[in-house]
Amino acid sequence: CSVFIPAYGTEAASEFVHVPLRRGINFTCLEVEEWKPVDYIIEEKYYIMVKNRGFDHIRLPVNLSLYCDENGIPDDGLLKKIDTAISLAEKNGLYIILDMHGCGNINADPDGEKALLFSLWEILAERYKDYGDFLLFELLNEPNNQIDTAKLNEIQNELIAVIRGIDRDRVLVSAAANSNTVWSLNGLRLPEDDPNIIVAVHTYDPMSFTHQGAEWGSTRYDKCAWDDSFAEDIENVLDIAASYQNESGRQVWIGEFGTYLSVAGEDDVSRYLSTVTRLCEARGMDGATGNSGWVSEHTTEMPAYGGTM
């Protein structure tokens with residue numbers, strides 16, 4: 001994988017990076033405390049499978065703080081698994097986005113936890129500073145609660161400065177507030193002299209379809225068949241993202257979309273995924289299906305799956 005990386009400078013960038021992340025998939029298993037690390041992320045057959053099925057990138061969500069000792073040092077065995085995942089992506093011609101999928105209790109106590117966030121990214125940036133441009137760093141996943149837009153701008157810009165002190169040209173992936181929703185894009189502030197930053201948003205619209213049968217959240221949704229009218233909900237979200245991309249010049253990447261699979265019909269899910277993909281492509285946008293995306297047609301053999309677009 002190779003992409004033109006503009007030079008980091010001291011004046012406003014005249015050209016922002018655009019990474020060709022057309023079809024992606026989330027390799028989930030390292031981001032939730034109750035899940036055991038699954039060794040499929042170090043088995044090459046899954047990278048070959050992903051490549052052969054037309055994907056060009058993998059998002060690797062990792063909540064590194066779950067694997068730290070009392071001094072905030074990550075488990076070396078876990079880091080070596082991440083090393084292997086990154087190397088297998090490179091070997092198979094795939095981009096890989098290393099996603100900081102949470103950090104302690106940062107959403108409830110951002111000022112108290114940001115030192116850990118910065119420390120973990122210093123460790124990762126130093127470890128991977130000599131890797132090629134197939135590797136991207138996603139700074140933080142779905143900031144919410146006490147991290148409003150103003151606090152996110154503060155934390156992310158401090159973090160960008162920390163990483164840039166180690167790796168000046170790595171492509172970074174910025175979050176948006178309110179759990180990476182498009183509604184927060186216009187308040188996002190990124191360093192104008194840094195062209196190598198793209199922006200991640202997530203969409204699970206319409207929730208009545210994508211979260212049918214889900215057992216979390218304040219609202220429960222019953223089984224729901226796909227209806228073509230749902231496309232309008234998706235279009236409304238993507239139009240906002242596309243408008244931001246066109247006006248700011250920053251690439252917007254759909255880091256998660258998908259649907260919970262416990263009750264959704266496979267044909268309905270395929271229609272949903274096809275609709276999101278088509279609407280993204282029509283707007284010149286990229287992405288990766290989320291934790292529940294790409295049902296059995298794409299990933300039945302995989303112990304965990306998800307995607308981006």
Side-chain angles (χ1 to χ4, degrees), residues 26 28 30-34 59-68 72 74 97-125 136-165 170-192 194 196-205 207 211 214 216-219 237 240-241 244-245 248 250-258 287-288 290-291 306 308:
N26 279 273
T28 60
L30 299 179
E31 74 275 26
V32 180
E33 188 167 14
E34 60 265 27
R59 180 176 184 246
L60 184 64
V62 181
N63 188 337
L64 207 56
S65 66
L66 299 176
Y67 304 93
C68 289
I97 296 94
L98 182 56
D99 158 41
M100 189 69 75
H101 206 89
C103 180
N105 200 27
I106 195 164
N107 286 315
D109 182 17
D111 291 327
E113 296 281 14
K114 72 177 184 179
L116 176 60
L117 177 68
F118 293 0
S119 173
L120 292 177
W121 270 121
E122 284 182 306
I123 291 169
L124 295 174
L136 289 72
F137 293 162
E138 185 173 354
L139 302 177
L140 188 62
N141 176 73
E142 295 195 351
N144 59 76
N145 194 353
Q146 296 303 306
I147 305 183
D148 59 11
T149 296
K151 179 57 70 173
L152 178 64
N153 287 335
E154 173 193 320
I155 289 175
Q156 279 202 143
N157 282 290
E158 289 181 32
L159 177 55
I160 289 166
V162 169
I163 294 173
R164 288 296 181 233
R170 177 74 49 199
V171 176
L172 307 180
V173 183
S174 164
N178 296 308
S179 299
N180 282 77
T181 58
V182 298
W183 318 108
S184 301
L185 285 173
N186 284 337
L188 189 61
R189 298 292 179 265
L190 297 168
E192 293 184 359
D194 194 331
N196 296 324
I197 302 174
I198 68 174
V199 179
V201 297
H202 298 170
T203 176
Y204 289 99
D205 299 280
M207 292 284 286
H211 282 60
W216 64 88
S218 57
T219 304
V237 168
I240 294 171
Y244 175 85
Q245 177 171 274
S248 70
R250 296 274 186 193
Q251 177 182 356
V252 176
W253 167 70
I254 313 298
E256 290 183 20
F257 70 93
N291 298 351
T308 71

Give me the one residue out of Leu30, Leu116, Leu120 that meets side-chain contact (heavy atoms from CB on, under 4.5 Å) with Leu64. Leu120

Restricting to non-hydrogen atoms, name the atom on Ala175 and the atom on Pro143 that form the minimum distance, rounded to 0.1 Å. CB-CD, 3.6 Å

Mind checking whether Phe257 and His202 have ring centres under 6.0 Å apart? no

Identify the heavy atoms of Leu188 and Thr149 that sit nearest to each other, and give their distance. N-CG2, 4.3 Å

Between the side chain of Asn26 and the main-chain N/O of Pro61, is any donor-acceptor distance below 3.5 Å? no

Distance-minimising heavy-atom pair for Arg250 and Asn196: NH1-N, 4.4 Å

Working to the nearest 0.5 angstrom, can you tell me the gap between Glu256 CD and Thr203 OG1? 10.5 Å

Keeping Asp109 on the side-chain end and Gly112 on the backbone end, is there a donor-acceptor pair under 3.5 Å? yes

Would a distance-only check, ignoring hydrogens and angles, find a side-chain to backbone donor-acceptor pair under 3.5 Å from Asp99 to Leu60? no

Any non-hydrogen side-chain atom of Asn180 less than 4.5 Å from a side-chain atom of Glu142? yes

Given side chains that start at C-beta, do those of Glu158 and Lys114 come closer than 4.5 Å, heavy atoms only? yes

Drop me the distance from Leu185's CG to Ile240's CD1, to the nearest 0.5 angstrom. 8.0 Å

A side-chain contact here means heavy atoms from C-beta on lying under 4.5 Å apart; do Leu172 and Leu136 qualify? no

Is a side-chain donor or acceptor of Trp253 paired with a backbone partner of Val199 at a separation under 3.5 angstrom? no

Report yes or no: does Gln245 contribute a side-chain atom to a donor-acceptor pair with the main-chain N or O of Val252 at less than 3.5 Å? yes

Could you check whether any side-chain N or O of Gln251 sits under 3.5 Å from a backbone N or O of Ile198, counting only pairs where one atom can act as donor and the other as acceptor? no

Backbone N/O of Asp194 and side chain of Arg164: donor-acceptor pair under 3.5 Å: no

Hey, are the side chains of Met100 and Leu117 touching, using non-hydrogen atoms and a 4.5 Å cut-off? yes

Between Trp183 and Val237, is any pair of side-chain heavy atoms under 4.5 Å apart? yes

Between Thr181 and Val201, is any pair of side-chain heavy atoms under 4.5 Å apart? no

Please report the closest heavy-atom contact between Ile123 and Gly72, naming both atoms and the distance. CD1-O, 4.4 Å

Can you tell me how far apart CD (Glu154) and CG (Leu159) are? Round to the nearest 0.5 Å. 12.0 Å

To the nearest 0.5 Å, tell me how far Arg59 CZ sits from Ile97 CD1. 8.5 Å

Main-chain N/O of Tyr244 paired to Ser248 side chain as donor or acceptor, under 3.5 Å: yes

Checking Asn107 side chain against Asn144 main chain: does a donor-acceptor pair fall under 3.5 Å? yes

Which pair of heavy atoms, one from Gly102 and one from Asn141, lies closest together, and at what distance? N-CB, 4.5 Å

Verdict with reasoning, Ile160 to Leu190, per side chain to side chain contact (heavy atoms under 4.5 Å, CB included): CA-CA 9 Å; Ile160 289 166; Leu190 297 168; 4.2 Å; yes

How many angstroms lie between atom CG of Leu124 and atom CD1 of Ile163, to the nearest 0.5 angstrom? 8.5 Å

Stepwise, does the side chain to side chain contact (heavy atoms under 4.5 Å, CB included) test hold for Val171 with Ile197? CA-CA 6 Å; Val171 176; Ile197 302 174; over 6 Å; no

When rounded to the nearest 0.5 Å, the distance separating CD of Gln156 from CG of Leu140 is 7.0 Å

Please state whether the rings of His211 and Tyr204 are parallel, tilted or perpendicular, taking 30° and 60° as the class boundaries. perpendicular

Heavy-atom closest pair (Leu152 atom, Ala176 atom, distance to 0.1 Å) is CD2-C, 3.6 Å

